[in-house]
Amino acid sequence: ALPVGTRLMDYDIEGLLGVGGFGLVYRARDAVLQRTVAIKEYLPSSLALRGEAGEVILRSPAHEESFALGLRSFVNEARLLARFDHPSLVKVFRFWEAHGTAYMVMPCYEGPTLYDARRALEGPPDEAWLRALMDPLLGALDCLHREQVYHRDVAPDNILVVSDPDAPQGMRPVLLDFGAARRVITETSQALTAILKPSFAPIEQYAETSQLRQGPWTDLYGLAAVLHYCITGRTPVPATARAVHDDLPALRRMATALEQEFGRRYSPALLATIDQALGVRPDAR
């Protein structure tokens, strides 16, 4: 990671927020506007590393094409996000290329992931909590889908729950990590399974054919799997296993048990909608 105090354009690095296989996220201070921001740096650890002068260099000349494709995809993702203006989509303030890589400046969101927020609950959330989560995320996905853009990685650890006194239940979900660069790199290296979260990825993400195309229905499956996890506290059975033998319990059949055991009553229409969006076959969703 870049050391604390490093100056990138008008931003001073204050610390490291997160590390992934395809980049780093820093907390930084905007010296001009005097605000805290997050800066995402493209640095796929399998392909590149930090040089002595702070620049990003390839581990091997053989990685040049994959690195360049991922870099282009990272920049395209930044351009894409900069176009959107939805409270549940990450906002990009600025992006640029330098030091052999690229950088993306975003708000510094504070809050747990949905995965951690659900684990902190003693039981299933009520319907108002679920809808406060679901409605903004549906709006964010609709915003993307209108532009023929698909997230393809809707999962509890890619949703941040931030405090928002103006939002229902005082919380606002923010959809993170479009992973565009990651998809390009893994597709060129034929390592598709590395980017899938089996419990939240629909069947068409394993092998795309004319009968199993990806589309808006792909993200709806992911969101339905997230809501199923929120209600049950367990990750859904992977779509590959369900394609052979589907033993994922339907929520509408669990309604009585949820009410008796936890005192939670959900509208039948909501449970039926989640069940349908979790259809293994894309045309069933």
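- Using a distance-only test at 3.5 Å, with no hydrogens or angles considered, a donor-acceptor pair links the side chain of His151 to the main chain of Asp153.
- Within the structure, no pair that satisfies the salt bridge (charged side-chain N to carboxylate O under 4.0 Å, His left out) test touches residues 220-235, not counting sequence neighbours.
- A salt bridge is absent between Arg59 and Glu64: the closest approach of a Lys/Arg side-chain nitrogen to an acidic carboxylate oxygen does not fall below 4.0 angstrom.
- No donor-acceptor contact under 3.5 angstrom links the side chains of Arg27 and Thr36, judged on distance only.
- Judged purely by atom type and a 3.5 angstrom limit, Glu14 has no side-chain atom pairing as donor or acceptor with the backbone of Gly5.
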Apply side chain to side chain contact (heavy atoms under 4.5 Å, CB included) to Cys108 and Leu17, showing your working.
CA-CA 9 Å; Cys108 191; Leu17 287 175; 3.9 Å; yes
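- Remark: Arg79 fails to qualify as a cation-pi partner of Phe74 under the 6.0 Å distance and 45° angle criteria applied to the six-membered ring.
- One distance of note links CG of Leu144 with CG of Leu175; it measures 7.0 Å at 0.5 Å rounding.
- Tyr266 places a side-chain heavy atom less than 4.5 Å from the side chain of Pro124.
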Residues Val237, Asp247; criterion side chain to side chain contact (heavy atoms under 4.5 Å, CB included); working and verdict:
CA-CA 8 Å; Val237 179; Asp247 56 1; 3.9 Å; yes
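- The two residues Ser88 and Pro136 have their closest heavy-atom pair at OG-CB, 3.2 Å.
- Checked by atom type and distance alone, the side chain of Glu55 pairs as donor or acceptor with a backbone atom of Ala53 at under 3.5 Å.
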How far apart are the C-alpha atoms of Thr232 and Leu251, what are their side-chain angles, what is the distance that settles it, and do they pass the side chain to side chain contact (heavy atoms under 4.5 Å, CB included) test?
CA-CA 9 Å; Thr232 65; Leu251 289 175; 3.9 Å; yes
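- Linking ILVMFWY side-chain heavy atoms closer than 4.5 Å, directly or via other members, places Val25 and Leu114 in two distinct hydrophobic clusters.
- Remark: the backbone N or O of Asp157 is not paired with any side-chain donor or acceptor of Lys197 at under 3.5 angstrom.
- Every side chain to side chain contact (heavy atoms under 4.5 Å, CB included) that Val32 has, sequence neighbours left out, goes to Asp10, Asp30.
- Arg29 places a side-chain N or O within 3.5 Å of a backbone atom of Gln34 that can act as its donor or acceptor partner.
- Relative to the ring axis of Trp96, Arg94 places its NZ or CZ within 45° and under 6.0 Å from the centre.
- In this structure, Ser66 contributes its side chain and His63 its backbone to no donor-acceptor pair below 3.5 Å.
- In summary, the side chains of Glu41 and Tyr103 do present a donor paired with an acceptor at a separation below 3.5 Å, with no hydrogens or angles considered.
- By the 4.5 Å heavy-atom criterion applied to side chains, Pro107 and Phe93 are counted as neighbours.
- In this structure, OG1 in Thr256 is found 6.0 Å from CD in Gln260, a value given to the nearest 0.5 Å.
- At most 12 heavy atoms of other shown residues, nucleotides or ligands fall within 6.0 angstrom of atom OH in Tyr115.
- Using a distance-only test at 3.5 Å, with no hydrogens or angles considered, no donor-acceptor pair links the side chain of Arg50 to the main chain of Ile57.
- Across every non-hydrogen atom of Leu160 and Tyr109, the tightest pair is CD2-CB, 3.3 Å.
- Under the 4.5 Å side-chain heavy-atom criterion for ILVMFWY residues, a single connected hydrophobic cluster contains both Leu8 and Phe95.
- When side chains are defined from C-beta on, Phe84 does not count as touching Val90, because their heavy atoms never get closer than 4.5 Å.
- By the ring-ring contact (aromatic ring centres under 6.0 Å, His included) test, His145 is found to be paired with Tyr150, residues two or more places apart in sequence or in another chain being considered.
- Between the side chain of Asp164 and the backbone N or O of Met171 there is no donor-acceptor pair closer than 3.5 Å.
- Hydrophobic clustering places Leu16 together with Tyr42 (ILVMFWY residues linked when any side-chain heavy atoms are closer than 4.5 Å, directly or through intermediates).
- Closest non-hydrogen pair, Asp126 versus Trp129, comes out as OD1-N, 2.8 Å.
- Annotation: the span from Lys40 atom NZ to Leu176 atom CG amounts to 8.5 Å, rounded to 0.5 Å.
- In this structure the side chain of Pro3 reaches within 4.5 angstrom of the side chain of Thr6, judged on heavy atoms.
- Counting heavy atoms from C-beta outward, Met134 and Cys230 have side chains that stay 4.5 Å or more apart.
- Proximity of a side-chain donor or acceptor of Ser199 to a complementary backbone N or O of Pro236 within less than 3.5 Å is detected.
- Partners of Arg118 under the side chain to side chain donor-acceptor pair (under 3.5 Å) rule, at least two apart in sequence or in another chain, do not exist in this structure.
- Identified under the salt bridge (charged side-chain N to carboxylate O under 4.0 Å, His left out) test for residues 262-282, with sequence neighbours left out: Arg252-Asp275, Glu259-Arg265, Arg281-Asp283.
- Under the 4.5 Å side-chain heavy-atom criterion for ILVMFWY residues, a single connected hydrophobic cluster contains both Met9 and Val37.
- When all heavy atoms of Thr113 and Pro156 are compared, the closest pair comes out as CB-O, 3.8 Å.
- Asp219 and Arg152 are not joined by a salt bridge, as no carboxylate oxygen comes within less than 4.0 angstrom of a charged side-chain nitrogen.
- Within the model, atoms CH2 of Trp217 and CG of Leu212 stand 11.0 Å from one another, a figure rounded to the nearest 0.5 Å.
- Side-chain atoms of Gln205 and Thr218 include no donor-acceptor pair closer than 3.5 Å.
- Remark: Thr235 OG1 to His228 NE2 distance equals 10.0 Å, nearest 0.5 Å.
- Side-chain atoms of Glu147 and Arg83, non-hydrogen and from C-beta on, do get closer than 4.5 Å to each other.
- Rounded to the nearest 0.5 angstrom, Cys143 SG and Asp85 CG are separated by 8.0 Å.
- Contact annotation: the side chain of Ile13 never approaches that of Arg7 to less than 4.5 Å [non-hydrogen atoms, C-beta and beyond].
- Pairing each heavy atom of Asp12 with each of Ala31, the nearest pair is OD2-CB, 4.1 Å.
- Under a hydrophobic-cluster definition in which Ile, Leu, Val, Met, Phe, Trp and Tyr are linked whenever side-chain heavy atoms come within less than 4.5 Å, directly or via other members, Ile159 and Leu121 are assigned to the same cluster.
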Stepwise, does the side chain to side chain contact (heavy atoms under 4.5 Å, CB included) test hold for Arg172 with Asp166?
CA-CA 9 Å; Arg172 172 167 51 93; Asp166 297 324; over 6 Å; no
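- For Thr240, the side chain to side chain donor-acceptor pair (under 3.5 Å) test picks out no residue, with sequence neighbours left out.
- Between Ala277 and Ala224, the closest heavy-atom pair is CB-CB, 3.5 Å.
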